[in-house]
Amino acid sequence: MPTGQTTLTIIGNLTNDPEISQTKDGAAMCRFTIASNPRFYEQSSGTWRDGDPLFLRCTAWRHLAENIDASLTRGQRVIATGVLRQFEWTDAEGIQRTGYGLEIEDIGPSLRWATTTPTRRTSANRTAAAPSSDPWVPARATSTVNGSTAGAFSDEPPF
């Protein structure tokens, strides 16, 4: 990973099933949201309280996107790490917006309250397009929205 990037690890629950799609060049892309809701013990009342939730939109690419789609579902608790990205776009009303999202590098189910049995996928059962010459660099699907680079879809931000 290049230096100077902001990496982030988040533990939370998937708010919906991951949504997988293909870019026009055939690369798999998966989008989902992780909700992280902190809890803390309030000594004065002797009770546990929920803090303010954080909803973080996430994007994964290629084989990782396929594995997420095949493995994770709504409500599942996950641990994810990736690069925090800032993006800008113009909404339907012409207002300039700024947002943040996590470009996932690795993700898995939390084993705190669940169990899992990993299954290794081979290249024979993957459906995504062949990787570029550098398999460690994800393909970025981009399009131009009002002069700025956005995600694979021209009417919404990349995350």
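The figures that follow rest on heavy atoms only: side chains count, while hydrogens, waters and symmetry mates do not.
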Handout entry: CD1-CG distance between I10 and L56, expressed to the nearest 0.5 angstrom
Key = 5.0 Å

Problem - side chain to side chain contact (heavy atoms under 4.5 Å, CB included) partners for I95, two or more places apart - result: D91, E93, R97

Completion exercise
Residue set satisfying salt bridge (Lys or Arg N to Asp or Glu O under 4.0 Å) with R112, at least two apart, ordered chain then number -> none

Exercise for the section: Identify the residue among P109, S71, P18, S110 that makes a side chain to side chain contact (heavy atoms under 4.5 Å, CB included) with Q76. Expected result: P109

Fill in the blank from the handout: So CD1 of I104 and CD1 of I68: to nearest 0.5 Å the spacing works out to 6.5 Å

Problem - Within-4.5 Å side-chain heavy-atom neighbours: L111 and T116 - result: yes

Practice task
Report the C-alpha separation of T9 and I79 in whole Å, then their side-chain angles, then the decisive distance to 0.1 Å, and conclude whether the side chain to side chain contact (heavy atoms under 4.5 Å, CB included) test is met.
Solution key: CA-CA 7 Å; T9 299; I79 303 169; 4.0 Å; yes

Completion exercise
Taken to the nearest 0.5 Å, the spacing of Q96 CD from T90 OG1 works out to 4.0 Å

Handout entry: N67 side, atom CG; L72 side, atom CG - distance, nearest 0.5 Å
Key = 9.5 Å

Practice task
Give a yes or no on whether E42 atom CD has more than 12 heavy-atom contacts from other residues, nucleotides or ligands under 6.0 Å away.
Solution key: yes

Handout entry: All side chain to side chain contact (heavy atoms under 4.5 Å, CB included) counterparts of D50, not counting sequence neighbours
Key = N37, R39

Problem - Any donor-acceptor N/O pair, S36 side chain to I11 backbone, under 3.5 Å - result: yes

Practice task
Please identify each residue that fulfils side chain to side chain contact (heavy atoms under 4.5 Å, CB included) with T33, with sequence neighbours left out.
Solution key: T15, F55, R57

Problem - Contacts of R74 that satisfy side chain to side chain contact (heavy atoms under 4.5 Å, CB included) - sequence neighbours left out - result: N16, D17

Practice task
Using the rule that two of Ile, Leu, Val, Met, Phe, Trp, Tyr join whenever any of their side-chain heavy atoms come within less than 4.5 Å, decide whether I34 and I20 are in one cluster.
Solution key: no

Problem - Heavy-atom pair of closest approach, residues A60 and A65 - result: O-CB, 3.5 Å

Problem - Heavy-atom closest pair, residues E88 and T98 - result: CG-OG1, 3.6 Å

Practice task
Enumerate the residue pairs fulfilling ring-ring contact (aromatic ring centres under 6.0 Å, His included) with a member in residues 9-46, sequence neighbours excluded, ordered by first and then second residue.
Solution key: Y41-W48

Completion exercise
SG of C58 to CZ of R31, rounded to nearest 0.5 Å, is 12.0 Å

Handout entry: Test log, rule side chain to side chain contact (heavy atoms under 4.5 Å, CB included), inputs Q5 and R85
Key = CA-CA 9 Å; Q5 292 188 346; R85 301 280 187 206; 3.8 Å; yes

Handout entry: L8 backbone acceptor or donor facing T81 side chain under 3.5 Å
Key = yes

Completion exercise
The reported gap from CH2 in W61 to CE in M29 (rounded to nearest 0.5 angstrom) is 5.0 Å

Exercise for the section: Find out if a path of hydrophobic residues (ILVMFWY) with successive side-chain heavy-atom gaps under 4.5 Å connects V78 to L54. Expected result: yes

